[in-house]
Every structure is written in structure tokens, then in C-alpha cells.
Amino acid sequence: MFLPWFFEHFPLYLAPMAGISDKIFRQLCKEYGADVLTTEFVSAEGIFCRNARTREYLDFDEIERPIGVQLFGADDKHMAEAACQVVDWARPDFIDLNFGCPVNKVVARNGGSALLKDCPTLARVATAVVRAVAPVPVTAKIRIGWDADSINAARVARLLVDAGIAAITVHGRTRAQGYAGAAEWDIIGEVAAAVPIPVIGNGDLSSAADVAKRRRETGVAGAMIGRAAMSAPWIFNQIKEYLASGQIVDAPSLSGKWNLILRHCQLAVHEWGAEEPAIRSMRARLMAYSRTMSNAKRLREKFSHVSTLAEVEEIAEENILNQESTNTEQEKVESPVPAFLLS
């Protein structure tokens with residue numbers, strides 16, 4: 001197979017998320033069981049510039065394999081040349097084509113999900129990249145359509161198969177929906193039934209039970225986890241255990257969560273080489289982590305102002321102590337002292 005991780009496996013992908021799926025976060029998710037990683041998306045034009053920012057996007061370590069580089073663009077010749085440069089430069093395991101991004105600045109350049117309205121161009125781009133980088137496999141990510149009146153995911157998927165694409169990820173929303181509303185898994189299932197290559201389902205997968213249900217109902221060959229991993233990267237291990245045994249694995253303890261958060265911050269500081277900008281860059285990530293904790297609103301308020309590791313450590317200590325105090329009070333209420341001992 002072009003993509004051996006599908007052989008007798010149900011691979012779990014970490015979604016490529018701009019500003020999120022950097023090397024540090026990818027590696028943390030890998031430790032927690034993510035099978036396949038993909039870089040943040042890069043424009044074909046950015047590849048030609050070869051600036052420091054582009055190098056950062058393409059940088060990965062061997063422990064991250066299998067890993068793909070995601071590209072977007074609408075010029076088939078430029079995309080093919082950019083893909084060749086990426087293969088020569090970074091040696092990824094696959095190239096992934098972004099035909100799903102709904103962001104205005106990407107769509108305005110006829111990239112991402114804009115090509116769902118222009119199937120001939122989409123097919124030309126896919127064909128050109130597949131031919132240019134062979135035998136390196138090429139995959140694609142799409143949405144179910146531009147809007148509710150133009151849902152065409154199955155047709156697009158068949159065009160991509162004809163172009164030589166090795167696997168397709170389908171996000172179950174239209175471009176018009178952005179990230180609002182419910183993902184249409186019935187349509188993802190239609191795509192999986194329509195093509196002979198692996199289809200990876202994406203959208204509203206927030207628990208192991210969600211993944212098991214969608215796998216059973218749609219026949220997808222893999223699952224891609226995005227926003228759920230931002231707040232709970234351990235979700236990958238939970239999914240794997242549930243699919244293997246039906247057992248629900250508990251999330252890490254509060255102390256375990258804070259150990260992960262502090263390690264993430266420390267790695268960011270090391271990567272940046274400067275503490276304050278690194279911790280400021282972590283604010284949104286810290287807020288995402290807070291969703292799995294009690295008193296999340298209070299934590300978000302605190303995280304919005306942090307700029308040093310010491311401040312994050314102080315918040316962690318306070319949060320753990322408060323939780324321990326709350327647990328102690330609950331134990332007293334649940335287990336009152338017998339009256340005869342008080343007499």
C-alpha cells in the first residue's frame with residue numbers, strides 16, 4: 001500500500017491546525033498515541049521564498065514519522081514545483097493537499113475550500129502534484145462542499161481518486177459553516193462508500209465513543225482529531241484503548257494534566273530561546289487546556305496575562321491545592337463522623 005499505516009490498522013491522525021500543530025504539540029500528541037501527523041499548512045509561494053517562517057513550518061524530527069507536509073494553492077505548476085522542493089528539502093512521508101481550509105485569506109487566493117467550486121482546477125492541481133512527487137504518496141483534505149446548496153464531496157473524491165490521490169480526509173462541514181453547526185457524518189459515509197481508497201473522517205470527534213460510533217456507522221478507514229486534542233491530547237490513547245477493548249481510560253489526574261502543561265511551556269521556552277515571548281505565545285494553548293479542568297473560567301482569566309514560567313507554575317500550584325481542599329471538604333460531607341464518637 002502507498003500508506004502502510006492503514007494495513008490492518010485504524011490510524012488516528014492529528015489534524016493540521018494553523019498556529020497549533022507545531023513540532024512541540026505534534027510530538028506531545030505522538031507520545032499520547034497519535035499515529036499520523038501533518039504539519040501546519042504552507043502555501044506554494046511560501047515554499048519558493050524559503051524564508052525562516054517556512055523552514056519552521058517544515059521542520060520535524062524523525063520520531064514524528066509518519067508525517068506529511070500540507071500545501072495549499074491553485075496553480076498546478078507552482079504546486080507541483082513546491083511539492084518537489086518540499087520532498088527534496090524535508091523528506092516527508094507524504095504530501096497532503098489542502099482543499100478544505102475555510103479561512104478568508106486562503107479562499108481569496110483561490111486556495112483551500114475555494115477549489116471545491118472549481119473542480120477542474122482542483123483535479124489539475126492534484127494530478128500535477130501526484131505526478132511530480134511520485135512515488136511519494138499524495139493525500140488530500142476536503143470539506144463536504146462550498147455551502148449547503150453545493151455539497152459535492154463524493155464527486156470531488158472520485159476526481160481525486162482519478163488524479164492518483166492515495167487517501168482523502170473529509171471534514172463534515174461546508175465552507176460556509178466554518179466550524180459551526182454539526183458535522184454531516186452521513187455525507188462522510190457516502191464518500192467512504194464511493195471511493196476505493198482510505199477515507200479519514202473529521203469533525204465533532206470529542207471522545208473515544210464518538211470515534212467508535214462513526215467508524216461503525218460510516219466505514220471510515222481512520223479518524224482525524226483536531227480541536228479535542230488541543231484541550232486533551234491524551235484522547236488518542238483513550239480512543240485506541242476503547243477500540244481495542246471497549247474500556248474507557250480515565251483522563252490523567254489533575255497533577256498529571258499540570259505536568260503536561262508545564263512541560264509544554266518549558267519546551268516552548270527552549271524552542272523560542274526567550275521566556276516571555278514563548279509564554280505569551282502559549283496563552284491560547286493554556287486556555288484550551290483549561291477546558292478539561294474545574295474553574296475553567298477563572299483559569300482562563302489568569303492565563304490571559306501570563307508571561308513567565310513562574311506565573312504558570314504558581315497557577316498550577318494554586319489550582320492543585322484548591323482541588324485538594326475541595327476534595328477534602330467533599331469527603332467530610334460524604335463521610336461524617338459517627339455520632340457516638342462525638343459523645
Side-chain angles (χ1 to χ4, degrees), residues 14-15 17 19-34 179 204-211 225-242 247-272 274-339 341-342:
L14 171 65
M17 297 176 282
I20 302 296
S21 303
D22 58 16
K23 181 166 70 171
I24 294 171
F25 187 64
R26 293 195 305 263
Q27 292 184 13
L28 290 174
C29 289
K30 188 78 170 182
E31 290 178 15
Y32 278 107
Y179 296 97
D204 295 345
L205 296 176
S206 58
S207 70
D210 288 340
V211 174
I225 313 298
R227 286 177 290 175
M230 291 171 59
S231 55
W234 51 86
I235 190 174
F236 295 101
N237 275 340
Q238 291 178 315
I239 295 168
K240 284 187 168 179
E241 182 59 36
Y242 189 79
Q247 300 297 312
I248 298 175
V249 177
D250 290 336
S253 65
L254 183 62
S255 294
K257 291 176 183 178
W258 276 109
N259 287 338
L260 167 63
I261 290 169
L262 291 171
R263 183 171 167 229
H264 195 162
C265 290
Q266 291 160 359
L267 290 169
V269 170
H270 182 267
E271 185 74 13
W272 280 67
E275 183 174 354
E276 288 198 13
I279 298 301
R280 286 197 298 269
S281 76
M282 283 290 298
R283 289 173 180 173
R285 318 292 281 276
L286 293 170
M287 292 180 190
Y289 280 126
S290 74
R291 294 176 197 145
T292 67
M293 300 180 184
S294 59
N295 203 16
K297 182 178 180 181
R298 177 67 174 153
L299 284 174
R300 287 195 295 272
E301 291 173 355
K302 290 177 175 291
F303 287 148
S304 66
H305 302 290
V306 293
S307 56
T308 67
L309 272 171
E311 289 172 334
V312 181
E313 290 167 352
E314 183 179 346
I315 294 170
E317 183 177 358
E318 178 186 355
N319 185 250
I320 292 171
L321 288 174
N322 286 344
Q323 187 62 50
E324 289 175 348
S325 175
T326 299
N327 291 343
T328 300
E329 291 301 317
Q330 288 177 344
E331 288 172 3
K332 289 179 180 178
V333 171
E334 295 168 1
S335 304
V337 177
L341 291 178
L342 298 175

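Numbering of residues begins at 1 and proceeds along the displayed sequence. All figures in this text were calculated on a predicted structure; none of them were measured in a lab.
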* Under the side-chain contact (heavy atoms from CB on, under 4.5 Å) test, which residues partner Met230, sequence neighbours left out? -> Met17, Ile20, Arg227, Ala288
* Apply side chain to side chain contact (heavy atoms under 4.5 Å, CB included) to Leu260 and Tyr289, showing your working. => CA-CA 10 Å; Leu260 167 63; Tyr289 280 126; 4.0 Å; yes
* Atom pair CE/CG of Met282 and Leu267 - distance to nearest 0.5 Å -> 9.0 Å
* To do: For Tyr242, check ring pair (Phe, Tyr, Trp, His ring centres under 6.0 Å) against everything at least two apart and list the hits.
  => none
* To do: Locate the shortest heavy-atom distance separating Phe25 from Ala229; write the atom from each residue and the value.
  => CZ-O, 3.3 Å
* Asked: Can you list the steps and then say if Ile225 with Leu14 is a side chain to side chain contact (heavy atoms under 4.5 Å, CB included)?
  -> CA-CA 5 Å; Ile225 313 298; Leu14 171 65; 5.8 Å; no
* Pair listing, salt bridge (charged side-chain N to carboxylate O under 4.0 Å, His left out) test, anchored in residues 301-315, at least two apart -> Arg298-Glu301, Lys302-Glu318
* Quick one: side-chain hydrogen bond (donor to acceptor under 3.5 Å, both in side chains) partners of Ser253, sequence neighbours excluded? -> none
* With Ala251 via side-chain contact (heavy atoms from CB on, under 4.5 Å) - residues at least two apart -> Trp234, Gln238, Lys257
* Asked: So, do Asn295 and Asn322 sit near enough that their side-chain heavy atoms are less than 4.5 Å apart?
  -> no
* **Partners meeting side-chain hydrogen bond (donor to acceptor under 3.5 Å, both in side chains) with Ser207 (sequence neighbours left out)** => Asp210
* Structure fact -> Distance col, row Ile24:CD1 vs Cys29:SG, nearest 0.5 angstrom, shows 12.0 Å
* **Minimum heavy-atom distance between Ser206 and Ala228, given as atom pair plus value** => CA-CB, 3.9 Å
* At what distance, to the nearest 0.5 angstrom, does NZ of Lys240 lie from CG of Asn237? -> 7.0 Å
* Of all residues at least two apart in sequence or in a different chain, which pass the side-chain hydrogen bond (donor to acceptor under 3.5 Å, both in side chains) check with Arg263? -> Glu31
* Asked: Is there a donor-acceptor pair under 3.5 Å between the side chain of Arg26 and the backbone N or O of Ser21?
  -> yes
* To do: Could you list all the salt bridge (charged side-chain N to carboxylate O under 4.0 Å, His left out) pairs where at least one residue sits in residues 279-289, not counting sequence neighbours?
  => Asp22-Arg285, Glu276-Arg280
* **Set of side-chain hydrogen bond (donor to acceptor under 3.5 Å, both in side chains) partners for Asn319, sequence neighbours left out** => Trp258
* Atom of Phe236, atom of Gly33 and distance for their closest heavy-atom approach -> CB-C, 3.6 Å
* Can you name the residues that form a salt bridge (Lys or Arg N to Asp or Glu O under 4.0 Å) with Lys30, not counting sequence neighbours? -> none
* **Test side chain to side chain contact (heavy atoms under 4.5 Å, CB included) applied to Leu286 and Cys265, step by step** => CA-CA 9 Å; Leu286 293 170; Cys265 290; 3.8 Å; yes
* To do: Let me see the working for Thr308 and Ile279 under side chain to side chain contact (heavy atoms under 4.5 Å, CB included), right down to the final yes or no.
  => CA-CA 6 Å; Thr308 67; Ile279 298 301; 5.6 Å; no
* **Leu262, CG atom: more than 12 neighbouring heavy atoms under 6.0 Å** => yes
* Structure fact -> Between Pro233 and Ser231, the two heavy atoms sitting closest are CD-C, 3.8 Å
* Are Lys23 and Glu271 close enough that some pair of their side-chain heavy atoms sits under 4.5 Å apart? -> yes
* Can you tell me if Gln247 uses its side chain to pair, donor with acceptor, with the backbone of Glu241 under 3.5 Å? -> no
* Locate the shortest heavy-atom distance separating Ala278 from Val269; write the atom from each residue and the value. => CB-CA, 3.6 Å
* Could you pull out the closest heavy-atom pair between Glu275 and Ala310, with the gap in Å? => OE2-N, 4.2 Å
